[in-house]
Amino acid sequence: MPELPEVETIARGLAKRVSGDVIDSVWLGQKPEPLKSSAQEIAAVLEHSLIATVRRMGKHIVFDLEDNSVGPARSGSTPIRAQWIVHLGMTGRLQICEAQSEVLKHTHAIVKLASGRELRFVDPRRFGRLSVARAAEFEAGGIEPLEADLDRFLVLFHGRKTPIKSALLNQKLLRGVGNIYADESLFRAGIRPRRRASTITRDQLAALLASVKEVLREAIALGGSSISDYVDADGEEGFFQLQHRVYGREGEPCLVCKTPIKRIVIAGRSSHYCPRCQK
DNA sequence: ACTATTTCCTGGATGC
DNA sequence: TGCATCCAGGAAATAG
């Protein structure tokens, strides 16, 4: 499940491979579900655009596009800028392959590149989303955790009665943290996932911010090496190997105190914690 | 203005 | 072996 570190890794891989390439044409599947913008709008924005850069915003992959349809640099003209935004959801993948490669099941979009390759969006569960933004810069919501300072972090939770776990997952507050990294961060900070956000002390929140950054940085470092080829061909090959300390370890001994890890459900999400280490 | 719950979707795991 | 059921999860929609 791609969260911030996976999306970061994927965006870097894409940037390396497709920056500078030009989109010749776009095919979009008949199922409209994965499209946030209309198919016509997406095609209109993408076709004949040059991919300037690819970057991550929260859990979104953003392709920065420049208008290439007028041909080589007319002097004095400013390139029209737009963005193609991809959210991978749970099972979405962006695949770079040769045009003759077999089209996998659940392929919802095929972008033909001037280099002869294709960029394909494959997503069995269809939680992923494709959209475009013109003129205005795509707005992703909350703050980037890796760029947050303590003051901006504290404000997010001020007066919130919701469990801290839910607040961490709220993309309008903090963008990019998903279920796995929320649990792992809370464990490292010694905070129970059900604690009401507003009841957590400044010191504890400082520890939490440090934990969030630490976990994300570790995962990016590890993920970078293990899924660097994720966007190629069939990709997948088992996500990052960040060793989870609580996530998915229900009933197993806490790595610190040996107490069995508990699993509870918060807002429909399974949440794992050590009842002894986390208060 | 918030917060909690439901919904979308399919493949893989589980159970009888 | 086959079939039904449950579960995973991000974020939008809905309900309270």
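As the structure is a prediction and not an experimental result, all values here were calculated from the model. Residue numbers begin at 1 in each chain, while the letters A, B, ... track the order of the sequences.
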By nearest-heavy-atom nucleotide on DNA chain B, the more 5' of A/Pro124 and A/Pro163 is A/Pro163
Do A/Cys254 and A/Arg249 make a side-chain contact, defined as non-hydrogen atoms from C-beta onward lying under 4.5 Å apart? no
May I ask you to verify whether the side chain of A/Arg269 and the base of C/dG10 hold a donor-acceptor pair under 3.5 Å? yes
Base, sugar-phosphate, or nothing for [X], non-hydrogen atoms under 4.0 angstrom?
X	answer
A/Arg263	sugar-phosphate
A/Ser270	sugar-phosphate
A/Arg160	sugar-phosphate

Five-pair end axes of the helix from B/dC2-C/dG16 to B/dC16-C/dG2 and the angle they enclose, rounded to 10°: 50°
Applying ring-ring contact (aromatic ring centres under 6.0 Å, His included), can you list everything that pairs with A/Phe63, at least two apart in sequence or on another chain? A/Trp84
Under 4.0 Å between a side-chain N/O of [X] and OP1 or OP2 of [N], yes or no?
X	N	result
A/Lys105	B/dG11	yes
A/His60	C/dG10	no
A/His87	C/dA11	yes

Can you check the [X] [atom1] to [N] [atom2] distance for me, whole Å?
X	N	atom1	atom2	result
A/Leu4	C/dG10	CG	P	13 Å
A/Leu174	C/dA11	CG	P	12 Å
A/Lys172	C/dG10	NZ	P	15 Å
A/Arg196	B/dC2	CZ	C1'	12 Å
A/Asn179	C/dA11	CG	P	11 Å
A/Arg175	C/dG10	CZ	P	17 Å

Nearest to the side chain of [X] - [options]?
X	options	result
A/Arg125	B/dA4, B/dC8, B/dG11	B/dG11
A/Ala267	B/dG11, B/dT5, C/dG10	B/dT5
A/Thr162	C/dG10, B/dT5, B/dA4	B/dA4
A/Arg126	B/dT3, B/dC9, C/dG10	B/dC9

Is the shortest side-chain N to carboxylate O distance from [X] to [Y] below 4.0 Å?
X	Y	value
A/Asp64	A/Arg55	yes
A/Arg245	A/Asp183	no
A/Arg188	A/Glu218	yes
A/Glu144	A/Arg175	yes

Ring-on-base stacking C/dG10 with A/Phe127 (under 5.5 Å, under 30°): yes
Distance alone, cut at 3.5 Å: any donor-acceptor contact between the side chains of A/Ser49 and A/Asn68? no
What are the two closest heavy atoms between A/Lys161 and A/Arg196, and how far apart are they? O-CD, 2.5 Å
